[in-house]
Amino acid sequence: MNVRAIRAIIEVEADEPVIEYTGRLVKTFIYTLSKEIRIFRGLRGIIAPLHISPLFSLGKKDMELGTCITSQFVRNKEGELVLVPVTLNGEYIIHIGGEKVLVDFIEKSLKNLNAVLAVKFNDTIVRFKVEKMEDVTKKISEKHINGDRISLYLKAPTLIFNVFRESRLPKFSPTALEVLMIPFMFLHNQQTIDFNILYRASKILGLLIETYYSLGTLKPILIPFKGKKEVALTGKITYILDVKNEEEKNKIEQILKIGEIIGVGESRLNGFGTVVWKSKE
């Protein structure tokens, strides 16, 4: 599959606290910088060819994604939902992944940005400056399964969808079929779900068995998105790998690599679904 992923450390400064999901903020920045890619806006039911992440803190290692930085709704002492904005002033890291031609174009635009770019986001002026950039495709592609346990970390809030029918209700099932359906479809160059692709995905993704204790390592998060409250899932999912041969293992491995490059779940263009996976015995 002709895909790429880059990560960039950017300096971000906002005049006022940001009260919107930072996935949309980063998307606005990328679209302002690379106006031509706006024609690739995602359509409902069609896989978007590009994933744009929200802001993350810097991880412990070079180009590692830290904690997702975004405003969110939390309950106060009285049990009321209140919006907690985020103050942006410092260095953050973003992940861009998808079809190579699009990532190439964005990379070129980021490299050509030699000064501070001021973007109006809602009623706030946000300034961006690119500090460092790295292609992480090779690093991700060199990861391997070395045990029978797969940990999938939902680094950004993830919108998991029901693969069997359309539903606007939030989905919290950690089944691999629902979480990894987009990477599977992307790998097989399939833009829409039909019975055939669902059957093929079930056969291979069914080899990843979700564990009951994943329900204790997952949690919902409520974030502001386009003037509404969006419920998404964060945390870690642990799968047991139930493969019978090396071919099945390699297929699962490839899907996981694609997932880390292009994201999982719905609305990946708006910053949802950035993931990282690890394997252990």
| task | Go through the steps for Glu64 and Lys60 under the test salt bridge (Lys or Arg N to Asp or Glu O under 4.0 Å), then give the verdict. | result | CA-CA 7 Å; Glu64 181 180 67; Lys60 296 179 181 179; over 6 Å; no
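- Looking only at distances, a side-chain donor or acceptor of Lys257 sits under 3.5 Å from a matching main-chain atom of Lys143.
- Comment: Glu253 does not engage Lys249 in a salt bridge, judged by the lack of any side-chain N to carboxylate O separation of less than 4.0 angstrom.
- The pair Lys139-Asp62 does not count as a salt bridge, with every side-chain nitrogen at least 4.0 angstrom from each carboxylate oxygen.
- Aromatic rings of Phe272 and Phe225 (six-membered ring for Trp) have centroids within the 6.0 Å cut-off, being under it.
- No donor-acceptor pair under 3.5 Å is formed between the side chain of Lys251 and the backbone N or O of Ile204.
- Note on Glu260 versus Arg7: salt bridge recorded, some NZ/NE/NH1/NH2 to OD/OE distance being below 4.0 Å.
- Between Leu83 and Pro224, the closest heavy-atom pair is CD1-CG, 3.7 Å.
- Checking side-chain atoms of Tyr239 against main-chain N and O of Pro174 turns up a donor-acceptor pair under 3.5 Å.
- For the 3.5 Å distance criterion, the side chains of Ser34 and Ser109 qualify, holding a donor opposite an acceptor.
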| message | Applying side chain to side chain contact (heavy atoms under 4.5 Å, CB included) to Glu91 and Leu58, what does each step give before you reach the verdict? | response | CA-CA 8 Å; Glu91 289 187 338; Leu58 302 184; 3.8 Å; yes
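- Looking at Lys280, its side chain never comes within 3.5 Å of a backbone N or O of Arg149 through a donor-acceptor pair.
- Checking His144 against Ser279 by side-chain atom types alone, no donor-acceptor pair falls below 3.5 Å.
- Of all non-hydrogen atoms in Ile150 and Leu208, the two that sit nearest each other are CG1-CD2, 4.0 Å.
- Taking both residues in full, the closest heavy atoms of Tyr153 and Lys236 are given as CE2-CD, 3.3 Å, listed atom of the first, atom of the second, then distance.
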| Criterion side chain to side chain contact (heavy atoms under 4.5 Å, CB included) on Ile52 and Asn270, from CA distance to verdict | CA-CA 6 Å; Ile52 300 173; Asn270 288 307; over 6 Å; no
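- Closest non-hydrogen pair, Asn114 versus Lys111, comes out as OD1-O, 3.6 Å.
- Between the side chains of Thr211 and Ser214, at least one donor N or O sits under 3.5 Å from an acceptor N or O.
- The side chain to side chain contact (heavy atoms under 4.5 Å, CB included) test with Met181 singles out one residue from Ile255, Val163, Ile47, and that residue is Val163.
- More than 12 heavy atoms of other residues, nucleotides or ligands shown are found within 6.0 angstrom of OH on Tyr213.
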| query | Given Thr274 and Phe56, is the side chain to side chain contact (heavy atoms under 4.5 Å, CB included) satisfied, shown in steps? | reply | CA-CA 10 Å; Thr274 311; Phe56 295 96; 3.9 Å; yes
| Passes side chain to side chain contact (heavy atoms under 4.5 Å, CB included), Leu33 versus Asn112? Steps please. | CA-CA 10 Å; Leu33 195 60; Asn112 290 337; over 6 Å; no
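- Under 3.5 Å, the side chains of Thr137 and Asp135 contain a donor-acceptor pair of N or O atoms.
- No side-chain donor-acceptor contact under 3.5 Å links Lys171 to the backbone of Leu159.
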